[in-house]
There are 2 protein chains.
Amino acid sequence: MGKQMTEMLKGTLEGIVLATLAAQPAYGYEITARLRDQGFSDIVEGTVYALLIRIEQRGLVDVEKVPSEKGPPRKVYSLNAQGGEYLAEFWKSWDFLAARIEQLHRHSDNSQHDHEGE
Amino acid sequence: MGKQMTEMLKGTLEGIVLATLAAQPAYGYEITARLRDQGFSDIVEGTVYALLIRIEQRGLVDVEKVPSEKGPPRKVYSLNAQGGEYLAEFWKSWDFLAARIEQLHRHSDNSQHDHEGE
DNA sequence: TACCGGTAGATAGCAACACTGAATAGCAAG
DNA sequence: CTTGCTATTCAGTGTTGCTATCTACCGGTA
């Protein structure tokens, strides 16, 4: 993974985590592990925790401290109503952006053997 | 457009511009107008010029000064070989990220099938 | 001529975000 | 008690896009 992915994650990682929490509440360490499992191999704990603090301070998630058998108590995050709205906006932005970019993708694929104005 | 789009553009705008240049060389003002035309209504000249200078200094584009009938000479940018490789990497990162996010999108559609609320 | 609006580019400073790299803290097993 | 795993926190850094302003060239109009 290069620097491009790093920069691409700015603005999307937040949505990714919120969407993950929408599916099912989780705590920081768990989220990091899940992301790593999904292929985001270069995301480290520090990044996720900072993000969680951010979305907590914005009131997008509810927090519950749950004692764990191993280690310090877990802070379990779950998406609340406000977070749901925010996530909906995220999807809107994403859909818009993805549509434009996919369009560019197809164009650059086409332009090799075909001439078309637009 | 909200702050989400702003943050989402970080890391993607560069690719968007490079892809645009791959389709056809252009100068800054023109690119800005084209982006505006495509719906990126909040992107301003300053942003694009700074980005173009960045990718020029990285050697991703070739520059040619072309006199214009109106205003100062245009700096026409065109993607070169190195820029092509960079763009290819961009698409790889994009494909990966888009795949993960679309997956999350479908999942969250499954868990709660309301996709519009405001 | 002198001014104004549109075209075209450049620059300085700012805010947001993810990364690096560590430190801290609790518990279990050796 | 020390090691190792779980789990969280924090300070510092770099990249990026935005805001706002400035320079410069041209044609039209008063």
Side-chain angles (χ1 to χ4, degrees), chain A residues 1-18 25-36 40-58 60-61 63-77 86 90 93 97, chain B residues 1-18 25-36 40-58 60-61 63-77 86 90 93 97:
Chain A
M1 295 293 159
K3 191 171 37 168
Q4 284 185 334
M5 184 57 86
T6 294
E7 294 304 324
M8 236 180 252
L9 282 173
K10 291 188 179 180
T12 54
L13 183 58
E14 194 176 284
I16 291 172
V17 170
L18 287 176
Y27 54 98
Y29 198 81
E30 187 185 6
I31 293 173
T32 306
R34 231 187 264 176
L35 288 174
R36 287 248 186 80
F40 297 102
S41 51
D42 54 340
I43 292 181
V44 292
E45 284 88 351
T47 301
V48 175
Y49 284 115
L51 193 155
L52 288 172
I53 290 174
R54 232 180 292 146
I55 63 178
E56 179 187 355
Q57 286 176 347
R58 286 187 193 162
L60 304 180
V61 288
V63 186
E64 190 190 2
K65 278 220 168 175
V66 178
S68 72
E69 312 100 34
K70 294 197 163 196
R74 297 166 174 167
K75 286 179 72 176
V76 175
Y77 295 85
Y86 189 83
F90 170 81
S93 294
L97 184 64
Chain B
M1 296 294 160
K3 191 170 37 168
Q4 284 185 333
M5 184 56 87
T6 294
E7 292 303 324
M8 238 179 250
L9 283 174
K10 291 188 179 180
T12 54
L13 183 57
E14 194 176 284
I16 291 172
V17 170
L18 288 175
Y27 54 98
Y29 198 81
E30 187 185 6
I31 294 174
T32 306
R34 233 187 261 175
L35 290 174
R36 287 248 185 80
F40 297 103
S41 51
D42 54 339
I43 293 182
V44 292
E45 283 88 351
T47 300
V48 175
Y49 285 119
L51 192 155
L52 288 173
I53 290 174
R54 235 180 290 146
I55 63 177
E56 179 187 354
Q57 285 176 347
R58 285 186 194 163
L60 304 179
V61 288
V63 186
E64 188 188 4
K65 278 220 168 177
V66 178
S68 72
E69 312 100 33
K70 292 196 161 197
R74 297 166 174 166
K75 284 180 73 177
V76 175
Y77 295 84
Y86 189 83
F90 171 81
S93 295
L97 184 64

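So you know, we letter chains A, B, ... as the sequences are listed, proteins then strands, and number each from 1.
Between the P atom of C:dA18 and the NZ atom of A:Lys10 lies a distance of 8 Å, rounded to the nearest Å. Taking atom CZ on A:Arg34 and atom C1' on D:dA7, their separation rounds to 16 Å, with Å as the unit. For the pair B:Glu45 CD and D:dA24 C1', the computed distance is 15 Å after rounding to whole Å. To the nearest angstrom, C1' of C:dC14 lies 13 Å from CD of B:Glu7. The CD-P distance, from B:Gln57 to D:dT15, rounds to 12 Å in whole Å. Between the P atom of D:dT6 and the OH atom of A:Tyr27 lies a distance of 9 Å, rounded to the nearest Å. The distance between atom CD1 of B:Ile43 and atom C1' of D:dC18, rounded to the nearest whole Å, is 11 Å. Regarding B:Gln4, its CD atom lies at a distance of 17 Å from the C1' atom of D:dC18, rounded to whole Å.
Mapping A:Tyr29 and B:Glu14 onto DNA chain D by nearest heavy atom places A:Tyr29 at the nucleotide closer to the 5' end. Comparing A:Arg54 and B:Ala50 by the nucleotide of DNA chain C that holds the closest heavy atom to each, the one mapping nearer the 5' end is B:Ala50.
At D:dT9, one or more side-chain N or O atoms of A:Lys75 fall inside 4.0 Å of OP1 or OP2 (strictly under the cut-off). OP1 or OP2 of D:dT9 has not a single side-chain nitrogen or oxygen of A:Tyr49 nearer than 4.0 Å. Contact annotation: A:Thr47 reaches the phosphate of C:dC19 (side-chain N/O to OP1 or OP2, under 4.0 Å).
Not a single donor-acceptor pair under 3.5 Å links the side chain of A:Glu64 to the backbone N or O of A:Val76. For the pair B:Ser68 (side chain) and B:Pro72 (backbone), a donor-acceptor distance under 3.5 Å is present.
As judged by a 4.0 angstrom heavy-atom cut-off over every strand, A:Gly46 is placed among the base-contacting residues. As judged by a 4.0 angstrom heavy-atom cut-off over every strand, A:Glu69 is placed among residues touching the sugar-phosphate backbone only. Counting non-hydrogen atoms under 4.0 angstrom, B:Leu51 reaches the backbone sugars and phosphates but no base. Within 4.0 Å (heavy atoms only), A:Glu30 reaches no atom of the nucleic acid at all. As judged by a 4.0 angstrom heavy-atom cut-off over every strand, A:Leu13 is placed among residues touching the sugar-phosphate backbone only.
At a cut-off of 3.5 angstrom, counting only N and O atoms as typed in the model, there is no donor on one side facing an acceptor on the other between the side-chain of B:Lys70 and the base of C:dT7.
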What's the verdict on side-chain contact (heavy atoms from CB on, under 4.5 Å) for B:Lys75 and B:Glu56, showing C-alpha distance, side-chain angles and the deciding distance?
CA-CA 11 Å; B:Lys75 284 180 73 177; B:Glu56 179 187 354; 3.4 Å; yes
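Distances were taken from every side-chain heavy atom of A:Arg58 (C-beta onward) to each of D:dC25, D:dT6, C:dC17; the shortest belongs to C:dC17. You'll find that the side chain of B:Ile53 is closest to C:dT11, out of D:dT19, C:dT11, C:dA18.
Two residues are said to be in side-chain contact when any heavy atoms from C-beta on lie closer than 4.5 Å; B:Tyr27 and B:Leu52 fail this criterion.
Every residue was checked against the salt bridge (Lys or Arg N to Asp or Glu O under 4.0 Å) condition with A:Arg74, not counting sequence neighbours, and none meets it.
From A:Leu9, atom CG reaches atom CD of A:Gln4 across 11.5 Å, with rounding to the nearest 0.5 Å.
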